[in-house]
Amino acid sequence: MIEMHHVTKIYSNGVKALDNINIEIKKSEFVFLVGPTGAGKTTFLRMILREDSPNEGQVIIDGRNIEKLHASKIPYLRRNIGVVFQDFKLLKTSSVFDNVAFALRVMGFSGSIIKKQVLRALDLVGLAHKKNMFPLELSGGEQQRVCIARSLVNNPAILLTDEPTGNLDPDISWEIMKVLMEINNHGTTVLVATHDKNIVNRLRKRVIALVDGRITKDENRGTYDYGEH
Ligand code: ADP
């Protein structure tokens with residue numbers, strides 16, 4: 001589903017953010033991406049979204065080298081990938097329903113399809129009953145669940161999350177992880193970049209560790225450490 005072959009990314013300032021990355025992530029896997037700040041985790045996720053291109057190597061999604069995609073096809077790639085990044089904010093003056101519906105409206109879907117898809121996404125994160133509330137009426141954990149619902153509204157095959165529990169206390173973080181696991185149980189491939197040691201150690205999922213742009217560990221049922229380097 002997601003493959004990287006000899007992927008190297010050097011930013012224009014000379015920083016080598018990814019250094020010869022080789023990885024295969026299968027459909028329906030749940031993967032933690034760990035590593036110190038600056039290790040290359042966000043760059044790794046951005047390569048999958050084709051927000052940026054590697055200097056060397058290939059990123060293959062569903063058998064296709066995404067570097068070769070025509071610019072007009074990139075939006076289709078991105079529709080199949082849900083994203084929850086820390087800096088994605090909710091629209092404060094829009095209801096939960098409207099926040100989740102936003103992308104589908106932009107794409108011009110009919111009202112009945114939008115309603116069905118939004119309620120399905122809100123149901124997955126356990127917030128269908130709060131669809132008419134506004135973001136500031138919700139707790140931090142609930143707001144993050146709305147962001148997750150928003151990322152799922154297109155029914156993507158892949159969900160990428162960057163520090164999804166970053167600013168949340170441990171109980172709420174756990175609640176968010178349960179939502180992500182539930183989504184994974186429905187068949188979505190889930191990739192979580194995180195610093196949350198407790199959660200990684202408790203869940204014992206596949207752990208890929210990056211240090212200085214290199215993979216230092218790739219372990220099934222892994223723990224939060226960066227491995228040998
Ligand atoms: P992480 O998500 O693990 O903190 P990043 O992928 O954000 O790591 O960053 C990896 C390295 O690349 C860091 O040294 C960072 O400073 C550098 N970097 C990230 N984005 C850019 C950019 N747009 N231009 C130049 N350097 C960048």
Side-chain angles (χ1 to χ4, degrees), residues 1-25 29-61 65-67 69 71 74-75 77-78 81-89 140 144 147-148 150-151 156 158-168 170 173 176-177 180 184 188-203 205-220 222-229:
M1 160 133 279
I2 303 171
E3 294 164 62
M4 291 193 190
H5 299 291
H6 304 291
V7 167
T8 293
K9 173 66 192 174
I10 303 168
Y11 285 110
S12 51
N13 57 0
V15 172
K16 199 185 252 189
L18 295 176
D19 187 357
N20 194 23
I21 299 293
N22 291 289
I23 202 83
E24 184 181 351
I25 296 171
E29 270 200 89
F30 188 110
V31 178
F32 284 120
L33 190 59
V34 304
T37 302
K41 303 182 293 298
T42 305
T43 305
F44 185 100
L45 300 179
R46 293 181 69 227
M47 292 291 129
I48 297 170
L49 279 168
R50 228 201 110 167
E51 279 188 2
D52 211 335
S53 299
N55 298 73
E56 283 172 43
Q58 291 109 41
V59 181
I60 316 274
I61 310 279
N65 180 348
I66 61 172
E67 202 47 44
L69 278 182
I74 294 173
L77 168 78
R78 294 194 183 138
I81 305 177
V83 180
V84 182
F85 280 1
Q86 245 180 352
D87 52 354
F88 277 23
K89 297 280 181 281
Q144 185 62 309
C147 291
I148 295 171
R150 183 177 56 179
S151 75
I158 300 170
L159 178 62
L160 305 181
T161 67
D162 200 357
E163 298 289 350
T165 59
N167 301 317
L168 302 170
S173 298
I176 298 294
M177 289 314 303
L180 294 177
N184 177 244
T188 308
T189 306
V190 177
L191 197 51
V192 182
T194 186
H195 278 113
D196 203 326
K197 185 173 179 174
N198 290 334
I199 280 179
V200 174
N201 286 343
R202 192 161 158 190
L203 287 182
K205 299 284 189 186
R206 180 174 173 188
V207 176
I208 298 173
L210 281 174
V211 176
D212 291 338
R214 294 203 192 108
I215 292 179
T216 53
K217 176 172 107 162
D218 182 356
E219 239 173 55
N220 288 320
T223 51
Y224 188 99
D225 58 72
Y226 306 146
E228 299 295 322
H229 56 278

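By convention here, the first residue in the shown sequence is residue 1. One-based numbering, in listed order, for ligands and for the atoms of each.
With hydrogens and angles disregarded, a donor-acceptor distance shorter than 3.5 Å links the side chain of K9 to the backbone of S53. For the pair N201 (side chain) and Y224 (backbone), a donor-acceptor distance under 3.5 Å is present. Proximity of a side-chain donor or acceptor of N22 to a complementary backbone N or O of H6 within less than 3.5 Å is detected.
Salt bridge annotation for D162-K41: absent, with no cationic side-chain nitrogen under 4.0 angstrom from a carboxylate oxygen.
Cation-pi geometry between K205 and F30 is met: the NZ or CZ atom falls under 6.0 Å from the ring centre, inside 45° of the normal.
With sequence neighbours excluded, the residues forming a side-chain contact (heavy atoms from CB on, under 4.5 Å) with E56 are T8, listed by chain and number.
Within 4.0 Å of ligand 1, heavy atoms belong to protein residues Y11, N13, V15, A17, P36, T37, G38, A39, G40, K41, T42, T43.
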